[in-house]
2 protein chains.
Amino acid sequence: MKRFELSEQQCSVARSSVILGDQWTLTILSDCFLGVRRFDQFQERLGVSRTTLTSRLKLLEEHGILEQRQYQDRPPRFEYRLTHKGRELFPVISTLITWGDKYYSDSAGPPILRRHKTCGHDFHTVLSCSDCGETLVPRDVEARKRPDDERYPPVERGPVKRTG
Amino acid sequence: MKRFELSEQQCSVARSSVILGDQWTLTILSDCFLGVRRFDQFQERLGVSRTTLTSRLKLLEEHGILEQRQYQDRPPRFEYRLTHKGRELFPVISTLITWGDKYYSDSAGPPILRRHKTCGHDFHTVLSCSDCGETLVPRDVEARKRPDDERYPPVERGPVKRTG
DNA sequence: TTACTTAGTCCAAAAAATGGACTAAGTAAA
DNA sequence: TTTACTTAGTCCATTTTTTGGACTAAGTAA
């Protein structure tokens, strides 16, 4: 399977991973949430090659995660901004930051601190169930395949019986 | 910069992305949370080449995200299991699933359904602030660089003044 | 005129991924 | 006691992707 070929994959994680599952894409998005918008700014901050950056930005645009907006007339210049769909990736990037800060900070702590303006405190992320609001942990989650329906293809990747 | 070289990167997202920012790594981890443990099972479910799978599993092991455990004697066989550090990636994978289910399901809905055993309902994920418990949205987050300290290197990647 | 800015493209070299065959060490069936 | 099967990989030649550096285009500023 080639990179960026997701049509055949049914699982939504597999499909998302084809787009987001890339070192540069994740850091680009992280920078987007910090307010980075311009090509050269991404390029300098990330140290990615211009060619790769172009290809990643294009992919994110094709998938409606980023959009280009003109921010000046003469000469015409465009910047990249998160769409609504893109902003909905905030929990993914945010939990990745929480994990990364825990395991890959130097001893002075995380290099970037994040404050929740609503309550005024520096935070880390907590994941909770949309239904009962309790904190979600892996062992409380039970996965099952969607019931097969003659109108839809059967599920190809699914839960596995745990052994041991 | 070559793939899997993270020593110089300071930002914890950048460091994490070097490990996790890969199509296969994300789907491997997603399968791990479904109970997949054996090499051939990963290989068949993901359709990844055996070479690439070997390299990804090795990387995840080197970073203490997966560990090999012997599950039979004759012949000796090993399976891959999530470590504590690995299980702490649950929020990352879980929010990715929520996003992917929303944007990349077919019209029959997500192929795999997840139930919160504690409350009995199918859920999606909600992200909240560790301090006040409110739902976290990007516009309520303010990022700032860690104050420079002569004992530690200055922060190289950090927040950007938003324009427009 | 010359230098600078932004957002890219082009190209050859290097690195990584692919797929298919192969290995090793044991078990199970005929 | 051969033969087939299982699991967890390795090997290798080909294809694909990434890299870094130079270059372009269109306008502004000194």
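Computed from a predicted model, the values in this text were never measured in an experiment. To find a chain, count down the sequence lines: A is the first, B the second, and so on, and within it residues start at 1.
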Student: What integer distance in Å separates L53(A):CG from dT9(C):C1'?
Tutor: 13 Å
Student: Does any N or O donor sit under 3.5 Å from an N or O acceptor when you compare the side chain of R77(B) with the base of dT7(D)?
Tutor: yes
Student: Considering Watson-Crick and G-U wobble pairs with both distances under 3.5 Å, what does dG9(D) pair with?
Tutor: dC22(C)
Student: With a 4.0 Å limit, can you tell me whether Q68(B) has a side-chain N or O closer than that to the phosphate oxygens OP1/OP2 of dG9(D)?
Tutor: yes
Student: Give the C-alpha distance, both sets of side-chain angles, the deciding distance and a yes or no for side chain to side chain contact (heavy atoms under 4.5 Å, CB included) between R37(A) and Y71(A).
Tutor: CA-CA 10 Å; R37(A) 294 173 183 172; Y71(A) 68 90; over 6 Å; no
Student: For Q23(A) and dT18(D), give me the distance from atom CD to atom P, rounded to whole Å.
Tutor: 10 Å
Student: Rounded to the nearest angstrom, tell me the gap between atom CD in E79(A) and atom C1' in dT5(C).
Tutor: 16 Å
Student: Between R146(A) and D106(B), is there a side-chain N and carboxylate O pair less than 4.0 Å apart?
Tutor: yes
Student: Please check the phosphate of dT19(D) (OP1 and OP2 only) for any side-chain N or O of W24(A) closer than 4.0 Å.
Tutor: yes
Student: OP1 or OP2 of dT6(D) sitting under 4.0 Å from any side-chain N/O of R38(B)?
Tutor: no
Student: Rounded to whole angstroms, how far apart are CZ on R56(B) and P on dT18(C)?
Tutor: 8 Å
Student: Only pairs with both distances under 3.5 Å count, Watson-Crick or wobble alike; so what is the partner of dA30(D) in this structure?
Tutor: dT1(C)
Student: Under 6.0 Å between ring centres: does that hold for F42(A) and W24(A)?
Tutor: no
Student: Would you mind reading off the distance between D40(B) atom CG and dT10(D) atom P, rounded to a whole angstrom?
Tutor: 13 Å
Student: Starting from P on dA25(C), measure out to CG on D73(B) and report it in whole angstrom.
Tutor: 16 Å
Student: Would you mind telling me which residue lines up with the more 5' stretch of DNA chain D, P75(B) or R74(A), judged by nearest nucleotide?
Tutor: P75(B)
Student: Is any side-chain N or O of Y71(A) closer than 4.0 Å to OP1 or OP2 of dA7(C)?
Tutor: yes
Student: Just the rounded figure in Å: distance from C1' of dG8(C) to CD of Q43(A).
Tutor: 11 Å
Student: Whole angstrom is fine here: how far is it from CD in E44(B) over to C1' in dT6(D)?
Tutor: 13 Å
Student: It should be established whether T52(A) places a side-chain nitrogen or oxygen under 4.0 Å from OP1 or OP2 of nucleotide dT17(D).
Tutor: no
Student: Tell me whether the OP1 or OP2 atom of dA8(D) has a side-chain N or O from K58(B) closer than 4.0 Å.
Tutor: no
Student: Ignoring hydrogens and angles, answer whether the base of dT19(D) and the side-chain atoms of R50(A) contain a donor-acceptor pair closer than 3.5 Å.
Tutor: no
Student: For R139(A), does its backbone N or O pair with a side-chain atom of K117(B) as donor and acceptor, under 3.5 Å?
Tutor: yes
Student: Base, sugar-phosphate alone, or nothing: which one does Y80(B) contact when heavy atoms must sit under 4.0 Å apart?
Tutor: sugar-phosphate
Student: Between T27(A) and A14(B), what is the shortest heavy-atom contact and its length?
Tutor: CG2-CA, 3.6 Å
Student: If we ignore hydrogens and angles and just use 3.5 Å, is the side chain of S128(A) paired with the main-chain N or O of E134(A) as donor and acceptor?
Tutor: no
Student: Below the 4.0 Å mark, does dG20(D) have OP1 or OP2 next to a side-chain nitrogen or oxygen of T51(A)?
Tutor: no
